[in-house]
4 protein chains.
Amino acid sequence: MTQPLNIQLMQECLDACLACLRACEMCAEACLDEQDVTMMAECIRRDRDCADACAFTARLLMRASDLHPEACRMCAEACARCAEECERHAGHHEHCRVCAEACRRCEALCRQMAA
Amino acid sequence: MTQPLNIQLMQECLDACLACLRACEMCAEACLDEQDVTMMAECIRRDRDCADACAFTARLLMRASDLHPEACRMCAEACARCAEECERHAGHHEHCRVCAEACRRCEALCRQMAA
Amino acid sequence: MTQPLNIQLMQECLDACLACLRACEMCAEACLDEQDVTMMAECIRRDRDCADACAFTARLLMRASDLHPEACRMCAEACARCAEECERHAGHHEHCRVCAEACRRCEALCRQMAA
Amino acid sequence: MTQPLNIQLMQECLDACLACLRACEMCAEACLDEQDVTMMAECIRRDRDCADACAFTARLLMRASDLHPEACRMCAEACARCAEECERHAGHHEHCRVCAEACRRCEALCRQMAA
């Protein structure tokens with residue numbers, strides 16, 4: 001009685017997780033290179049959590065695990081939090097603007113997968 | 001307005017995640033050594049998912065991340081699924097009995113953390 | 001006095017790690033679905049190790065960590081072991097043939113990065 | 001012709017990896033809370049790399065994977081780099097002093113396992 005997997009959506013969600021993982025890793029690294037790292041501390045924290053969530057979720061999607069809806073639900077939350085903070089810095093830091101965009105896309109697809 | 005962290009509970013939950021991670025890794029490995037691995041395929045799958053969930057959640061707890069309630073909720077689900085399958089084999093395989101117990105303990109503590 | 005990073009090579013190595021990670025996850029999952037899983041036990045083991053190694057290394061490459069040469073050296077070894085086992089089954093299982101190819105490509109690029 | 005596993009040493013190395021993982025997660029988090037995060041940027045970087053290396057290696061040790069010597073060799077290097085940076089701050093930050101100690105112990109045990 002389980003729903004048939006939507007392969008197309010699953011593939012898009014996997015791609016979005018990997019793109020978001022990379023954007024978060026690059027954003028955290030770039031934040032550590034800013035002149036005033038103190039101001040970016042919360043951004044680094046959320047980048048890390050989001051990167052870990054995306055990496056975890058991507059692997060479940062790769063193996064089409066039955067746990068993927070729960071993982072996607074949690075990942076959407078991690079993405080939303082990271083996007084929220086990155087958006088505050090998006091006017092000043094290109095890496096935050098790029099990261100916020102990747103997070104919002106991943107959040108949307110994870111919510112569809114979790115539904 | 002966020003609740004004060006319950007340090008004692010957090011520590012117990014972290015210990016339970018690490019114990020469950022280890023039990024899952026050992027159970028999956030022992031399943032691969034059984035004479036009839038085919039019968040253990042679903043157990044190996046759930047061990048892997050649960051191990052990944054516990055490893056992810058343990059690290060969030062170590063750094064007291066704000067994302068930990070969502071992680072614990074997802075981890076509890078992973079533990080419940082793994083326990084359910086391991087319990088089916090607990091009469092025949094000691095590694096499954098041990099793993100089911102570790103999963104049930106981790107599930108209970110993760111549910112408390114997520115509440 | 002450290003060498004300038006070869007950005008082009010780094011990107012190719014990252015892509016190869018992600019492709020190999022995915023091939024290993026899919027191969028392990030497909031092995032668990034085979035009629036005789038017992039015969040695939042060693043393949044599942046090496047898939048898992050290789051997947052973990054590729055996931056770890058990919059993240060270091062994404063953030064251009066100074067630890068990446070050591071990670072690539074270790075990852076090349078994980079790929080070589082997984083390829084060796086998958087090649088034994090490549091005539092019977094398409095997922096093993098695909099995985100072996102992804103492993104050999106990742107191994108080669110990791111060795112270049114580690115040099 | 002492979003050497004018999006030294007179970008006692010393996011257990012000590014696993015415990016050291018988990019203790020080091022935790023110390024690195026706590027040190028990175030505490031660094032992000034310092035008044036001058038900019039000064040701690042390199043410490044945060046090395047904490048992250050070392051935490052990832054320890055988490056990866058711990059799981060291989062839990063399942064007694066044949067890849068563990070390569071993982072331990074790489075992990076020892078990650079620990080050495082993190083310890084080196086933490087030792088520079090050990091006089092000012094207790095979390096760095098604690099982390100440096102955990103790293104040095106893990107480095108030593110990983111080198112024994114890799115030998």
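Hydrogens, waters and symmetry mates play no part in the numbers below; they use all other heavy atoms, side chains included. Letters go in sequence order (proteins before strands), and every chain restarts at 1.
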### Query
Can you tell me how far CG of A:Asp52 sits from CG of D:Asp52, rounded to the nearest 0.5 angstrom?
7.0 Å

### Query
So which residues of residues 20-33 of chain D are in contact with chain A at a heavy-atom cut-off of under 4.5 Å?
D:Glu25, D:Ala28, D:Glu29, D:Leu32, D:Asp33

### Task
Anything in residues 38-47 of chain A with a heavy-atom distance to chain D below 4.5 Å? Please list those residues in order.
A:Thr38, A:Ala41, A:Ile44, A:Arg45

### Query
Do any of residues 103-115 of chain A come closer than 4.5 Å to chain D, heavy atom to heavy atom, and if so which ones, in number order?
none

#### Entry: Neighbours of chain D found in residues 60-98 of chain A - heavy atoms under 4.5 Å
none

